[in-house]
**Student:** 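Submitted below is the structure of interest, expressed as structure tokens.
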Amino acid sequence: MEAQIRNKLSLFWSPEQIAGYFRIQGIDCVSHERIFQMVWQDKKEGGTLYKQIRRRGRRYRKRGSKYLYGGTIPN
């Protein structure tokens, strides 16, 4: 299972896509959260699996940026 997950990550699939794909195929698989845990554990051990995740851990837009309110009309 881990080899299949690593293969999908090398194709730049997200952990959610991987878990959903295996669920649709009827293959028992771990959740997307467990895949993230596996990736971060690999990073702690010096691996490079985290570089194959699409967003590489950036979940949200940075706060306090000068572009935060770029779409609002003043006054």
Side-chain angles (χ1 to χ4, degrees):
M1 179 59 61
E2 186 174 340
Q4 291 178 346
I5 291 172
R6 287 179 182 271
N7 181 31
K8 298 296 184 195
L9 285 172
S10 69
L11 297 173
F12 293 99
W13 284 30
S14 70
E16 291 88 357
Q17 285 176 317
I18 296 169
Y21 172 78
F22 286 129
R23 191 176 315 116
I24 289 171
Q25 296 297 320
I27 302 170
D28 289 335
C29 181
V30 295
S31 68
H32 69 278
E33 287 292 330
R34 180 64 189 119
I35 295 172
F36 274 116
Q37 290 173 2
M38 183 182 82
V39 168
W40 299 132
Q41 183 65 35
D42 180 69
K43 182 180 179 182
K44 284 182 184 178
E45 295 170 357
T48 59
L49 200 57
Y50 71 98
K51 293 182 180 179
Q52 297 173 349
I53 293 182
R54 284 183 173 185
R55 296 183 60 125
R56 293 177 186 84
R58 297 184 304 261
R59 291 187 181 181
Y60 308 109
R61 181 176 57 182
K62 290 186 178 181
R63 293 168 180 82
S65 171
K66 66 179 180 178
Y67 302 108
L68 185 62
Y69 301 105
T72 59
I73 300 172
N75 298 327

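What you see is a predicted model, and the numbers here were worked out from it, not measured in a lab.
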**Student:** Which residues pass the salt bridge (charged side-chain N to carboxylate O under 4.0 Å, His left out) test with Arg6, not counting sequence neighbours?
**Tutor:**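 Partners of Arg6 under the salt bridge (charged side-chain N to carboxylate O under 4.0 Å, His left out) test: Glu2, Asp42.
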**Student:** Got a second to check how far Leu9's CG is from Lys51's NZ, nearest 0.5 Å?
**Tutor:**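 Going from the CG atom of Leu9 to the NZ atom of Lys51 covers 14.5 Å.
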**Student:** Calculate, to the nearest 0.5 Å, the distance between atoms CZ and NZ belonging to Phe22 and Lys8 respectively.
**Tutor:**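 Rounded to the nearest 0.5 Å, the CZ-NZ separation comes out at 6.0 Å.
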**Student:** Do Ile24 and Ile27 land in one hydrophobic cluster if side-chain heavy atoms of ILVMFWY residues count as linked below 4.5 Å?
**Tutor:**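 Not linked; separate clusters.
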**Student:** Taking atom CD1 of Ile35 and atom CH2 of Trp13, what is their separation to the nearest 0.5 Å?
**Tutor:**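 So the gap between those two atoms works out to 11.0 Å.
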**Student:** Report the distance from atom SG of Cys29 to atom CE of Met1, rounding to the nearest 0.5 Å.
**Tutor:**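 Result: 4.5 Å between the selected atoms.
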**Student:** Using every non-hydrogen atom in the two residues, find where Ala19 and Ser31 come nearest and quote the distance to one decimal.
**Tutor:**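 Ala19 and Ser31 have their closest heavy atoms at CB-C, 4.3 Å.
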**Student:** For Gln41, what residues pass the side-chain hydrogen bond (donor to acceptor under 3.5 Å, both in side chains) criterion, not counting sequence neighbours?
**Tutor:**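 Expected list: Glu45.
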**Student:** Taking atom CZ of Phe36 and atom OG of Ser14, what is their separation to the nearest 0.5 Å?
**Tutor:**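 So the CZ of Phe36 and the OG of Ser14 are separated by 7.0 Å.
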